[in-house]
Amino acid sequence: MTNIDERLASQLHALVDGEPDSAAPTGMLLERGRQARRRRTGSLVSGSLAVLALGAVGAATLVHGPASDRPAVVAEASSPAVASPQMELAAAVAASENTSYRVTVRRTARVDPKWSETTLGAFDPATASGYLRTPFPDGLSFQEDRLVDGVYYLGGADGGRKMPWKRYPGKRNFLPFDAAMGGALGASSDQEGLFQVLKKTGATVTKTGERAYHFSVEPTGKATGFDAGAPLASEKVVGDVTLDADNRVAKLDYEVTYVWKKDGKVGPPTTVQVTMAFSDYGLPVKVEPPAPAEVVR
Amino acid sequence: MTDQNKRLSTADASYVAFVEEAWQRHIRLAMLLAGDRWRAEELLQDSLVRMYERWRRLSRSDDLHAYLRRALVNNQTSFWRRRRRENLVAEVPDRAAPDTAPDHDAVALRRALRALPPKQRAVVVLRHYEDLPEREVARMLGCSVGTVKSQHSRALEKLRHLLHEPSYTGSR
């Protein structure tokens with residue numbers, strides 16, 4: 001071993017060897033392990049955070065009936081004297097979700113080291129098909145999600161190295177917009193929807209302009225998108241929705257703030273600023289299944 | 001055996017016994033891989049939970065600690081996992097012992113390690129902290145020895161730049 005190796009080795013040991021021991025959380029690990037085993041034998045669950053459902057999927061759950069019900073929902077939204085801001089917003093989201101669209105998602109973390117990234121994508125709820133592509137700052141890495149007739153694929157490149165595509169079991173009708181939201185696109189009765197979240201979490205929605213709404217929600221439990229074992233103390237989402245001239249969602253801006261806990265103590269908050277811009281409603285979305293793709297079990 | 005363990009199945013009891021030993025043995029490796037204690041505990045927990053899912057098969061295996069070490073490295077360098085987790089967890093401030101000045105060298109090294117891409121960080125930690133040969137590191141990372149060499153060289157170059165260390169020349 002050279003002197004360089006010895007110095008770096010000694011510095012690495014000095015960095016961590018003095019750290020105090022901590023008790024292994026065996027109880028929690030057993031619980032999480034048992035839950036994980038149960039999940040593996042069940043169907044794939046979205047795990048989406050309700051906030052993305054707030055933005056893109058959520059209001060679809062307002063539409064419980066067949067498509068012919070949707071015009072009624074939209075009509076209700078056009079009667080401001082009758083509809084509450086929540087219903088108007090939900091109807092607008094439902095109108096946005098009934099057809100294909102392009103989406104740009106920009107995420108910015110407000111912690112050190114700060115980062116930001118932009119995802120470009122498109123989705124067609126009618127065919128459960130779409131894609132998301134996120135390039136990373138090194139210029140070589142990227143992540144790509146594809147959904148083809150409900151079958152989900154994940155691929156990309158790490159540095160200059162192409163990652164093999166993975167195909168996930170089951171069918172789904174969403175794409176994960178953003179890790180912080182656990183997100184889902186598209187209409188699905190399996191998703192925690194906007195209206196359900198507003199009801200369950202006591203969220204407030206206020207109208208701030210002719211086609212603008214402000215919302216604030218603190219999801220809990222499964223609505224956070226994290227499992228019960230995650231050390232999440234709280235999650236809060238505050239944001240604004242802007243509609244286009246057709247009363248479809250044009251822009252969704254929000255901040256999601258997480259507070260984590262450990263050993264009964266809470267840590268500093270983490271805030272991610274997310275902006276989603278929707279456009280090109282109704283244009284076709286063509287996505288091909290990647291080949292080859294290894295099946296994830 | 002504690003009263004709690006008496007109520008566990010044999011498999012769960014063996015898992016608990018392994019966890020109690022493995023936690024102390026691997027938390028520091030996890031800290032170097034993950035960048036701070038919070039993320040390290042999360043990384044170690046996630047890796048141990050995955051082992052639980054496969055425990056019945058794994059517990060017949062010879063070297064559970066080697067398996068866990070590979071899992072830590074793979075989970076940390078996992079492209080997909082990293083995008084989710086590193087986005088969400090706030091950086092925990094470096095802790096200084098009371099009445100002592102912060103160790104600036106330690107702070108600088110910790111930050112420099114975190115500035116390395118996960119795979120380069122894993123190579124540095126496995127080579128210099130775990131003292132593993134290149135062949136073993138290559139096996140753990142699922143790449144060639146040549147890739148380990150080049151990742152190692154780039155990592156040392158970057159550390160040299162970040163730490164103003166003229167002597168990290170990557171000649172190992």
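Letters A, B, ... mirror the listed sequences (proteins, then strands); counts begin at 1. Just so it is clear, the values below take in all heavy atoms, side chains as well, and ignore hydrogens, waters and symmetry mates.
Of the inter-residue distances, the one linking B:L48 atom CG with A:L29 atom CG reads 5.5 Å to the nearest 0.5 angstrom. Atoms CZ and CG, on B:R28 and A:L12 in that order, are 14.0 Å from each other to the nearest 0.5 Å. Rounded to the nearest 0.5 Å, atoms CZ (A:R32) and CZ (B:R50) are 10.0 Å apart. Considering CD1 of B:I27 and CG of A:D21, their distance stands at 9.5 Å, rounded to 0.5 Å. For the atom pair CE of A:M28 and CD of B:Q45, the computed distance is 4.0 Å after rounding to the nearest 0.5 Å.
Looking at heavy atoms from C-beta onward, B:E41 lies out of side-chain contact with A:P25 at the 4.5 angstrom threshold. A:R34 has its side chain within reach of B:Y52: a pair of non-hydrogen atoms, C-beta onward, lies under 4.5 Å apart. A 4.5 Å side-chain heavy-atom check between A:L8 and B:L156 finds at least one atom pair inside the cut-off. With a 4.5 Å cut-off on side-chain heavy atoms, A:D17 and B:Y129 count as touching. Between B:R37 and A:P20, the closest side-chain pair of non-hydrogen atoms falls below 4.5 Å.
Contacts of B:L29 with chain A are absent, with no heavy-atom separation under 4.5 Å from either backbone or side chain. Residue B:Y15 touches chain A through its side chain alone, counting heavy-atom pairs closer than 4.5 Å.
Here the side chain of B:E20 pairs no donor or acceptor atom with the backbone of A:T26 at under 3.5 angstrom.
Between A:S22 and B:W23 the shortest heavy-atom distance is OG-NE1, 2.9 Å.
When B:V125, B:T147, B:L32 are compared by the number of non-hydrogen pairs under 4.5 Å with chain A, B:L32 comes out ahead.
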